[in-house]
2 protein chains.
Amino acid sequence: MDEPAHAPAPARRGGNGRAGRVAYDLDAVLSVAVQAFNERGYDATSMGTLAERLGTSKSAIYYHVSGKEELLRLALERALGNLERLLDEPDPAASALDRLERVLRGAVRVLVAELPFVTLLLRLRGNTEVEREALARRREFDHAVARLVEEAVADGALRSDVDARTATRLLFGMVNSLVEWYRPGGGLSADQLADAVVAMAFEGLRA
Amino acid sequence: MDEPAHAPAPARRGGNGRAGRVAYDLDAVLSVAVQAFNERGYDATSMGTLAERLGTSKSAIYYHVSGKEELLRLALERALGNLERLLDEPDPAASALDRLERVLRGAVRVLVAELPFVTLLLRLRGNTEVEREALARRREFDHAVARLVEEAVADGALRSDVDARTATRLLFGMVNSLVEWYRPGGGLSADQLADAVVAMAFEGLRA
DNA sequence: AGTCCTACTTACCGATCGTTCAGTCAGGCT
DNA sequence: AGCCTGACTGAACGATCGGTAAGTAGGACT
């Protein structure tokens with residue numbers, strides 16, 4: 001067991017590629033990197049650790065990506081792209097409340113489907129330019145949802161005794177927290193989870 | 001402005017101590033450290049940065065604490081101690097729902113009062129033994145609250161169509177998220193915040 | 001057969017990390 | 001006057017960091 005233990009089977013090129021080479025593609029490197037970043041934190045994860053987990057050398061990684069920060073950038077792009085797509089094509093005929101519920105369910109779906117990538121996004125500190133840009137895009141997403149909440153309050157669909165901004169933040173806190181505990185295959189599907197989130201958010205826990 | 005810009009005025013010893021010395025005590029070092037850890041992450045914060053912010057040298061810090069990890073340990077102890085105290089002396093006559101609400105409000109109060117310390121706690125990754133021990137204590141706290149939720153569901157006070165464990169986690173997600181956005185002095189008091197949390201958690205957002 | 005490209009490897013770089021150590025200096029004590 | 005202690009300073013330590021340069025095995029292509 002002193003062979004590269006955590007590495008997924010390297011993608012041996014079949015079909016269109018060269019055969020017989022131990023070739024990692026960018027996706028394999030990225031997924032191993034993101035998992036490590038989430039386990040130990042971005043800063044605490046060295047390129048050496050990544051190489052170990054991939055079963056290669058540090059420099060091999062630099063063949064696929066320009067550096068550590070590009071791994072971060074690619075991962076954040078994937079998370080943000082999926083979230084931002086939730087805001088496209090809203091049904092203009094639907095009520096603000098309906099659109100909010102749809103975004104909420106969509107967010108749960110994306111968080112579950114892209115768990116490691118979104119996890120990374122939600123833990124950013126803003127130390128570098130890459131991180132700050134991602135944080136700005138995340139803030140823009142948050143604001144779009146906040147506008148939906150305000151609209152629903154104006155419609156009289158949501159209670160007005162709780163500040164809309166505070167409500168939005170608590171709502172997001174609830175949804176985003178799932179990256180800290182939800183693990184797929186644990187007997188709770190993404191749909192069930194979305195149901196629980198919507199139920200608690202809109203109707204509350206009281207019997 | 002090339003003097004130690006971020007350093008709080010060093011505690012010049014008055015009264016019982018020696019006068020005229022630039023003396024930092026442990027509390028001052030700790031509070032600067034925790035703030036830096038929260039801004040840039042524990043791993044991304046170097047002892048050199050801490051020294052700069054304190055307006056001293058790296059080695060001066062080692063006079064007060066045994067090392068970087070002890071700063072972390074002291075900070076986590078403060079956060080965990082305050083949270084764990086919430087579970088002491090519950091009124092055994094009160095219903096599970098009442099006790100849950102009291103813990104919830106207490107948690108909001110502690111998070112607000114000890115914001116930087118709890119923030120640090122909630123961002124742990126478990127890289128070292130110190131971090132893993134803190135995570136274990138945090139899990140124990142979570143379990144105690146989960147038991148309260150289960151009790152309240154058994155009483156019929158909370159809805160049973162949402163899994164108690166899931167509900168607890170969403171509840172905590174909501175409360176814990178406030179370290180990411182709540183800033184004191186922003187026109188929202190801790191009590192108002194607790195009201196909003198309890199309202200949303202128990203009654204939901206629907207008008 | 002010879003050349004080219006892909007996908008690496010080994011060896012190393014300078015910078016920075018947390019930490020240590022020896023020395024210093026102001027004030028209090030005797 | 002002499003000594004002690006508390007609170008540092010400045011220089012250096014070895015380890016580790018992210019990243020680079022140069023070389024190369026092996027299949028594809030001509």
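Here is the naming used below: chain letters follow the sequence lines, and residue numbers restart at 1 for every chain.
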So does B:R123 pair up with B:E180, basic N to acidic O under 4.0 Å? yes

Any salt bridge linking B:E129 with B:R132? Criterion: basic side-chain nitrogen under 4.0 Å from a carboxylate oxygen. yes

For nucleotides 14-18 of chain D, list the nitrogen or oxygen atoms of the protein found under 3.5 Å from its nitrogen or oxygen atoms, one pair per line.
from: D:dG18; atom 1: OP1; to: A:T45; atom 2: O; distance (Å): 3.2
from: D:dG18; atom 1: OP1; to: A:K68; atom 2: NZ; distance (Å): 2.8
from: D:dG18; atom 1: OP2; to: A:M47; atom 2: N; distance (Å): 2.8
from: D:dG18; atom 1: N7; to: A:K58; atom 2: NZ; distance (Å): 3.0
from: D:dG18; atom 1: O6; to: A:K58; atom 2: NZ; distance (Å): 3.4

Mark yes or no for a side-chain to base donor-acceptor pair under 3.5 Å between A:S59 and C:dT10, with no hydrogen or angle criteria applied.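 Such a pair exists between side chain and base.
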
Can you check the [X] [atom1] to [N] [atom2] distance for me, whole Å?
{"X": "B:I61", "N": "D:dG10", "atom1": "CD1", "atom2": "P", "result": "14 Å"}
{"X": "B:E69", "N": "C:dC17", "atom1": "CD", "atom2": "P", "result": "18 Å"}
{"X": "A:Y63", "N": "C:dT10", "atom1": "OH", "atom2": "P", "result": "18 Å"}

Could you check if a side-chain atom of B:L178 sits within less than 4.5 angstrom of a side-chain atom of B:L115, using non-hydrogen atoms only? yes

Measure the shortest side-chain to side-chain distance between A:D142 and A:T168 over non-hydrogen atoms and say whether it is less than 4.5 angstrom. no

Look at B:H64 and D:dC8 and indicate whether a side-chain polar atom (N or O) is within less than 4.0 Å of OP1 or OP2.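 For D:dC8, OP1/OP2 do have a side-chain N/O of B:H64 under 4.0 Å.
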
Using atom types as modelled and distance alone, determine if a side-chain donor or acceptor of B:R125 lies under 3.5 Å from a backbone N or O of A:N38.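 Side chain of B:R125 to backbone of A:N38: a pair is present.
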
Under the salt bridge (charged side-chain N to carboxylate O under 4.0 Å, His left out) rule, what do A:D161 and A:R159 come out as? Steps first, then yes or no, please. CA-CA 6 Å; A:D161 62 329; A:R159 60 197 294 170; 2.8 Å; yes

